[in-house]
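These notes concern the structure reproduced below.
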Amino acid sequence: MEIAKVAVVGLGSMGSGIAQLAVEAGFETVGRELTPELGEKAKAQITRFLARKVEKGQLDAGADEAAVARLSLTTDFADLADCDLVIEAAFESLEVKQQLFSELEAVVRPDAILASNTSALSVTEIASLTERPERVVGMHFFNPAPLMPLVEIVRAERTDEQVFETAYAFAERLGKQPIRCNDTPGFVVNRILIPLLNDCVRVLDEAGVSVEDLDKAMKFGAGWPMGPATLADLVGLDIHVHASEALYEKLREPRMAPPPRLARMATAGKLGRKSGEGFYRYD
Ligand code: CAA
């Protein structure tokens with residue numbers, strides 16, 4: 001199936017990154033947010049990042065404005081009616097996503113593909129209330145979406161093979177390095193990364209190491225591009241705790257459960273970069 005027009009539902013940090021990739025790759029893109037203000041905020045961020053790419057010589061002059069012109073904003077699902085592919089990047093709650101997919105199904109064409117960017121929920125469960133679960137697929141991008149090359153293309157229980165391969169080919173058109181995988185808890189990367197980050201946080205309490213030294217240890221001793229505390233702050237502690245709980249619920253392995261320190265921080269609103277404070281402070 002040919003993808004010409006794309007929609008991204010939810011323009012938080014992941015959604016706006018995905019919308020940025022789509023317009024940069026030449027796709028007409030509709031971004032849907034709950035309020036016009038949230039949509040405009042995402043558009044301003046996309047505009048800023050693309051202008052910076054021009055400054056750095058990573059994009060031709062004028063290509064940034066042309067890309068931003070391909071983005072339209074809406075709060076109304078009806079404006080997604082002629083999209084070939086909808087990528088949902090909304091709040092990580094099964095109920096929210098199930099409800100959203102039902103609303104989407106009511107407006108899009110019968111052959112439109114519905115993709116979820118969920119990081120830890122089951123794509124099969126998200127699809128379970130739709131009338132056509134065979135058109136639902138997982139497309140899991142990594143944070144920050146414009147910079148991280150990987151996209152996990154997730155085959156849910158009833159995903160149609162053609163839908164699956166179209167999602168894979170679309171990720172390649174965005175310049176990404178997609179992989180194919182099944183709909184198992186955490187897919188590939190989070191199944192490994194979530195317990196690993198949890199272990200890193202437990203080490204903070206056990207080894208008497210400072211946050212800075214923990215980061216130094218994993219950067220210079222294990223070759224990580226950024227230390228675990230910096231990475232958790234980037235991902236968002238609320239997102240991490242939520243993914244961790246979702247994995248623990250499915251797998252019941254103690255290492256999957258969020259360490260108390262992380263749960264406390266998330267509850268207190270120390271969410272990392274986006275809230276201005278996590279393991280580190282951000283101005
Ligand atoms: N578009 C364009 N440019 C962007 C951007 C965007 N949306 N966001 C940031 N940038 C730019 C920055 O502005 C910066 O450029 P300038 O400073 O020149 O303005 C540049 O990208 C990044 O600069 P850095 O020097 O920080 O780049 P780096 O070489 O250190 O790489 C990184 C940054 C790719 C994030 C790297 O540190 C890295 O790979 N970190 C690990 C990230 C990771 O593991 N992510 C996965 C998280 S897990 C997850 O996402 C799964 C989940 O489901 C929760």
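Note that ligands are numbered from 1 as they come in the structure, with each ligand's atoms numbered from 1 the same way.
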Is it true that, when you exclude Q162 itself, more than 12 heavy atoms of the residues, nucleotides or ligands shown sit nearer than 6.0 Å to its CD?
no

Can you check whether R158 reaches V136 side chain to side chain, under 4.5 Å on heavy atoms?
no

Stacked cation flag R180 on Y168, 6.0 angstrom / 45 deg:
yes

Would you say T29's side chain and F27's backbone share a donor-acceptor pair under 3.5 angstrom?
yes

Is there side-chain contact between I179 and F187, with at least one heavy-atom pair below 4.5 Å?
no

May I ask you to decide if M256's main-chain N or O and S244's side chain share a donor-acceptor pair within less than 3.5 Å?
yes

Dump all N/O pairs between ligand 1 and the protein below 3.5 Å as a table: atom names plus distance, one pair per row.
unit_1: ligand 1; atom_1: 1 (N); unit_2: Q20; atom_2: NE2; d: 2.8
unit_1: ligand 1; atom_1: 7 (N); unit_2: Q20; atom_2: OE1; d: 3.4
unit_1: ligand 1; atom_1: 15 (O); unit_2: K56; atom_2: NZ; d: 2.8
unit_1: ligand 1; atom_1: 18 (O); unit_2: R52; atom_2: NH2; d: 3.0
unit_1: ligand 1; atom_1: 18 (O); unit_2: K56; atom_2: NZ; d: 2.9
unit_1: ligand 1; atom_1: 19 (O); unit_2: R52; atom_2: NE; d: 2.7
unit_1: ligand 1; atom_1: 45 (N); unit_2: N143; atom_2: O; d: 2.8
unit_1: ligand 1; atom_1: 50 (O); unit_2: N143; atom_2: N; d: 2.9
unit_1: ligand 1; atom_1: 53 (O); unit_2: H140; atom_2: NE2; d: 2.8
unit_1: ligand 1; atom_1: 53 (O); unit_2: N190; atom_2: ND2; d: 3.0

